[in-house]
Amino acid sequence: MTAPVRFPYRRVNVVGTSAAGKTTFARALAGLLDVQCVELDALHWEADWTEAPEPVMRQRVTDATAGEAWVVDGNYSAVRDIVWGRGQAVVWLDFPLRTVLWRYAARTQRRIRTGEELWPGTGNRESLSTQLLSRHSLLLWILSTYHRRRRDYPRLLAAYPGLAAIRLRSPDAADNWLRALKRPA
């Protein structure tokens, strides 16, 4: 077993394809680092699946990342300059498409069955119509962005040479990476 490593970064963005497990991973990382976890989806989606206007979203993200320590979950290009401009590291969950689709199916089935509200106060819940039939279909989003993200992230990360980039290519690699971290002193 490898010895725990000290993770020197206190402002981290967790990115990856929708349904890769960014939120779960980001919450676990934030817990290990004892910092605030910021979910970009919660700042983006308002009641009735209404998207926040870009200036509102940018202000929300600016406010949420004003502190000295945080883990941000999400990859909205409209706020990437804010998050990456203030960030110290990006953890990219770059999992195989079959893994993402399996996680999407399991998560969606659970959320539909339980009626889970995704972001408190919004009333937004997943349903077959929001998942398969709407213009906001997450399945269509995953299929239309997966290969583009894999192609574009290396170039995007290279444009921010001050950011440490950690690319994790499987759930096992992500779990092992988290296990290897040692809570900062």
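Along the sequence shown, residues are numbered consecutively beginning with 1.
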Treating [X] as the side-chain partner and [Y] as the backbone partner, does any N or O pair qualify as donor plus acceptor under 3.5 Å?
X: Q88; Y: R11; answer: yes
X: D94; Y: R169; answer: no
X: T114; Y: R110; answer: yes
X: R125; Y: G115; answer: yes
X: Y146; Y: T17; answer: no
X: R86; Y: T65; answer: yes
X: S144; Y: W141; answer: yes
X: Q59; Y: D63; answer: no
X: E117; Y: G123; answer: yes
X: T50; Y: A47; answer: yes

Could you tell me whether the side chain of [Y] reaches within less than 4.5 Å of the side chain of [X], counting heavy atoms only?
X: L101; Y: L143; result: yes
X: E46; Y: E51; result: no
X: Q36; Y: V71; result: no
X: T122; Y: W49; result: no

Checklist line | CA sep, side-chain torsions, deciding dist, call: E116, E126, side chain to side chain contact (heavy atoms under 4.5 Å, CB included) | finding: CA-CA 8 Å; E116 174 185 343; E126 291 186 4; over 6 Å; no
Work out which heavy atom in [X] is nearest to a heavy atom in [Y]; give both atom names and the distance.
X: A78; Y: D81; answer: O-OD1, 3.8 Å
X: L43; Y: A52; answer: O-CB, 3.9 Å
X: S18; Y: V100; answer: O-CG1, 3.2 Å
X: L178; Y: A28; answer: CD1-CB, 3.9 Å
X: A174; Y: L168; answer: CA-CD1, 3.8 Å
X: R149; Y: P154; answer: O-CD, 4.4 Å

Check: Any chance the side chains of W119 and D41 put a donor and an acceptor closer than 3.5 Å?
Finding: no
Notebook entry, point to check: Can we say E39 and K22 salt-bridge, meaning some charged N sits less than 4.0 Å from an Asp/Glu carboxylate O?
Noted result: no
Item checked: Sidechain N-carboxylate O distance under 4.0 Å for R10, D34 -> no
Next item on the list: Using the rule that two of Ile, Leu, Val, Met, Phe, Trp, Tyr join whenever any of their side-chain heavy atoms come within less than 4.5 Å, decide whether W102 and L138 are in one cluster.
Entry: no
Notebook entry, point to check: Is there a path of hydrophobic side-chain contacts, each under 4.5 Å between heavy atoms of I, L, V, M, F, W or Y residues, that connects L97 with L93?
Noted result: yes
Measuring from atom [atom1] of [X] to atom [atom2] of [Y], what distance do you get when rounded to the nearest 0.5 angstrom?
X: M57; Y: Y76; atom1: CE; atom2: OH; value: 5.5 Å
X: L156; Y: L163; atom1: CG; atom2: CG; value: 11.0 Å
X: R107; Y: T24; atom1: CZ; atom2: OG1; value: 8.5 Å

Checklist line | side-chain contact (heavy atoms from CB on, under 4.5 Å), paired with F25, selected from D175, D73, V91 | finding: V91
Margin query: Going by side-chain contact (heavy atoms from CB on, under 4.5 Å), V90 matches just one of N75, V12, N13. Which one?
Written below: N13
Notebook entry, point to check: Any idea how Y153 and W92 line up, ring-wise: parallel (<30°), tilted (30 to 60°), or perpendicular (>60°)?
Noted result: tilted
Note to self: Is the ring pair F7/W177 parallel, tilted or perpendicular, if the boundaries are 30 and 60 degrees?
What the structure shows: perpendicular
Next item on the list: Report the C-alpha distance between R60 and E54 in whole Å, list the side-chain angles of each, state the deciding distance to 0.1 Å, and finish with yes or no for salt bridge (Lys or Arg N to Asp or Glu O under 4.0 Å).
Entry: CA-CA 10 Å; R60 289 174 179 170; E54 188 172 321; over 6 Å; no
